[in-house]
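By convention in this document, chain letters (A, B, ...) are assigned in the order of the sequence lines, proteins followed by strands, and residues within each chain are numbered from 1.
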Protein chains: 2
Amino acid sequence: MDKSHTASVLIDLSAAIVSVRGDQPVCLTVPDVSEYQTPGLPFGPFYPDRHRTMEIGLRQWVVEQTALDIGYVEQLYTFGDRGRRSEGPEGADGQNEEEHIVSVGYLALSKQCPQPDQWSEWYKHFPWEDWRNGRPNILNQQIIPYLEAWSGSDEIRRLRLQQAFGFPDRAWNDEFVLDRYELMYEAGLVWEAYADGRQKEKISAQNGIAMQLDHRRILATAMSRLRAKLKYRPVVFELMPSSFTLTQVQKTTEAILGAILHKQNFRRQLAKNELVEPTGQMSKARGRPAELFKFRQDASQSSNLPGLRIPSVNPETSRR
Amino acid sequence: MDKSHTASVLIDLSAAIVSVRGDQPVCLTVPDVSEYQTPGLPFGPFYPDRHRTMEIGLRQWVVEQTALDIGYVEQLYTFGDRGRRSEGPEGADGQNEEEHIVSVGYLALSKQCPQPDQWSEWYKHFPWEDWRNGRPNILNQQIIPYLEAWSGSDEIRRLRLQQAFGFPDRAWNDEFVLDRYELMYEAGLVWEAYADGRQKEKISAQNGIAMQLDHRRILATAMSRLRAKLKYRPVVFELMPSSFTLTQVQKTTEAILGAILHKQNFRRQLAKNELVEPTGQMSKARGRPAELFKFRQDASQSSNLPGLRIPSVNPETSRR
DNA sequence: CTTTATTATGCTCAAATTGAGTATAAATCC
DNA sequence: GGATTTATACTCAATTTGAGCATAATAAAG
């Protein structure tokens with residue numbers, strides 16, 4: 001059975017390189033030259049000859065092509081080419097009729113994000129994920145009604161709707177970014193479903209800015225993973241400069257979670273877990289000056305892996 | 001740049017198919033015909049032509065070759081072929097000098113494990129991971145002294161030793177299975193390091209039964225993931241029969257964690273999260289009959305993702 | 001130079017959760 | 001029938017959360 005013939009694939013390493021600019025989480029994107037002009041995640045091929053591991057390969061092309069200093073790198077998921085339209089000639093040197101591509105998604109964190117135009121804000125692609133100003137309107141106005149109609153009386157679909165969106169009677173869970181996106185994809189609610197031919201008509205409402213291929217799915221995976229990780233590992237500091245105020249840490253965390261946190265309790269967590277230490281300097285800004293802190297490196301070793309327990313704020317009961 | 005030449009790889013789907021037999025977690029293995037007789041994980045190639053996703057491909061060959069009913073499947077990690085000796089002809093039909101292999105590791109859970117001889121107990125491969133009868137002797141007698149000598153005055157190595165093994169002054173963390181294995185591999189403390197040529201001499205002490213290629217690493221990844229997941233998602237029930245006593249759930253959990261849990265508190269968690277409901281029937285065994293429960297399906301939907309918070313028992317202070 | 005707005009930080013307090021028990025019940029084994 | 005085994009109910013102090021009030025230190029406004 002000529003296995004090597006049918007089983008041979010190319011490997012793409014795709015990266016969701018995340019940073020935070022102001023109060024917006026952003027993600028490095030590359031522009032698209034095709035008719036739709038949808039942005040995509042940067043990616044590069046994996047050359048097993050040249051790189052001992054895939055992570056080394058990834059770091060290499062990120063350094064070469066973006067000159068970014070990415071500290072934290074984590075493998076997300078490996079996608080067989082589901083939903084990937086093999087659009088275009090994909091390199092005119094193609095020897096096979098059609099070469100299959102498997103893409104390995106990575107999450108990387110960067111402290112800086114130069115060249116603002118190349119960084120795309122998370123919540124432009126996922127407007128329903130930002131709850132910092134209360135429940136996003138797009139949910140009640142667009143998404144939920146459509147999804148409810150789509151699920152009809154199908155028990156499975158209703159359960160998934162309940163699980164992913166908390167509709168009608170459960171709480172919103174900020175970690176289920178991927179579940180929500182996949183549900184919307186299946187329901188034909190995002191442009192990619194149309195592009196992949198799952199959906200006859202182009203959807204009218206613009207439910208966030210689409211991305212190339214399965215890149216929005218990869219970004220959703222990255223968001224889910226980062227939101228979850230934040231709560232049990234001190235990864236926020238991979239996004240912070242060397243010294244910072246506690247409020248800056250909180251704002252960054254809130255940006256990623258898409259939720260507002262309780263200030264005093266947030267600080268209590270930081271203090272209890274000894275994640276930061278004072279630098280002795282003060283920041284100067286608008287109001288009362290804040291103390292400047294730095295991350296305690298050895299905290300990452302702490303065997304009880306304290307991230308930031310999320311003392312979130314209930315938007316209903318709190319006056320903002 | 002003839003990219004498709006150097007970048008083409010084969011994809012293996014390797015599976016750590018886990019079950020629990022009695023009080024031992026086990027893992028499906030296939031025997032090895034080579035000189036060393038090390039067992040390996042079952043794996044099969046991924047045919048992108050035939051299967052839309054890799055998970056479908058995986059399920060397919062598991063069903064075909066093992067006839068097992070695996071419910072839960074989760075992708076673990078994708079390994080570029082680091083440390084994989086390309087031993088043997090690897091199919092005599094090889095067209096290239098040497099075909100690169102990328103292996104995608106999966107974790108699958110099975111409720112049954114027929115044919116006992118094909119299932120290998122976790123702790124035969126990882127004897128230092130089972131703390132149910134107190135701290136394993138092999139740690140103080142073999143592993144720690146060797147690792148301490150290996151780390152010498154290297155600050156980085158000492159930190160890793162502290163982090164992974166809790167040595168000398170931190171607590172053991174049951175989730176760091178992979179970190180510990182990797183450290184031992186680097187230190188040349190496991191047979192695979194010798195097999196991969198990282199180590200001149202065969203190590204004298206038998207630190208657990210070795211496996212083929214990087215399969216013990218994949219199993220370690222599976223163990224880490226499962227131990228972590230147990231604590232925030234109700235996955236134990238994927239290993240339980242349709243009806244069970246609470247003690248059975250606890251024994252299964254303890255087997256996987258390699259730790260003893262506090263009985264009353266364990267039950268309190270189950271009750272609070274409404275993970276199970278009574279069937280009305282009773283078990284008959286040695287002592288007082290226990291009530292039989294079944295898993296509440298809709299509990300998996302619960303937005304607050306209750307797994308089993310681990311009310312562990314401190315082996316020092318408790319009389320067993 | 002006093003007021004106001006703004007941000008930072010200290011402290012409290014009730015509710016909930018955890019960790020570690022004690023006490024008692026209902027079977028089987030011999 | 002008593003010993004043994006297993007199951008389950010209940011307690012209680014310590015800790016951790018969630019929510020909030022109060023106060024401090026600065027810049028900008030008047």
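More than 12 heavy atoms of other shown residues, nucleotides or ligands fall within 6.0 angstrom of atom CZ in B/Arg21.
The distance from atom OG1 of B/Thr29 to atom CG of B/Asp117, rounded to the nearest 0.5 Å, is 8.5 Å. A distance of 12.5 Å separates CH2 of A/Trp131 from CG of A/Asn133, quoted to the nearest 0.5 Å. B/Tyr72 contributes atom OH, which lies 10.5 Å from atom CG of B/Leu239 (distance to the nearest 0.5 angstrom).
Across all non-hydrogen atoms, the minimal contact from B/Asp174 to B/Glu129 is O-OE1, 4.5 Å.
The base of D/dG18 lies close enough to the side chain of A/Arg268 for a donor and an acceptor atom to sit less than 3.5 Å apart.
Under 4.0 angstrom from either OP1 or OP2 of D/dA7 there lies at least one side-chain N or O belonging to B/Thr247. One finds a side-chain N or O of A/Lys272 lying less than 4.0 angstrom from the OP1 or OP2 phosphate oxygen of D/dT17.
Nearest to the side-chain atoms of A/Gln269 among the listed nucleotides C/dA8, D/dT17, D/dG18 stands D/dT17. Closest contact between the side chain of A/His262 and the listed nucleotides D/dA19, C/dT7, C/dT18 involves D/dA19.
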Between the protein and nucleotides 22-24 of chain D, which nitrogen or oxygen pairs are less than 3.5 angstrom apart?
from	atom 1	to	atom 2	distance (Å)
D/dA24	N3	A/Arg288	NH1	2.9

Distances for protein N/O vs nucleotides 27-30 of chain D N/O pairs under 3.5 angstrom?
from	atom 1	to	atom 2	distance (Å)
D/dA27	O4'	A/Arg286	O	3.1

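Of the possible polar contacts, none joining the A/Gln162 side chain to the A/Arg170 backbone as a donor-acceptor pair under 3.5 Å is found.
What separates CD of A/Gln250 from P of C/dT7 is a distance of 13 Å, to the nearest Å. Going from atom CG of A/Leu292 over to atom C1' of C/dT7 covers 14 Å, rounded to whole Å. Whole-Å rounding puts the A/Leu261 CG to D/dA19 C1' distance at 14 Å. Distance, B/Lys284 NZ to C/dC29 P: 13 Å, rounded to whole Å. C/dT7 atom C1' lies 13 Å from atom CD of A/Gln248, rounded to whole Å. What separates CD of B/Glu291 from P of D/dA9 is a distance of 8 Å, to the nearest Å. A straight line from NZ of B/Lys263 to C1' of D/dT5 spans 9 Å, rounded to a whole angstrom. If you take CZ of B/Arg267 and P of D/dA7, they are 6 Å apart, rounded to a whole angstrom.
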Run the side-chain contact (heavy atoms from CB on, under 4.5 Å) check on A/Lys229 and A/Leu107 step by step: do they pass? CA-CA 12 Å; A/Lys229 199 122 202 174; A/Leu107 163 66; over 6 Å; no
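Remark: B/Trp128 pairs with B/Phe126 by the ring-ring contact (aromatic ring centres under 6.0 Å, His included) rule, at least two apart or across chains.
You'll find the side chain of B/Glu182 stays beyond 4.5 Å of the side chain of B/Asp179, heavy atoms only.
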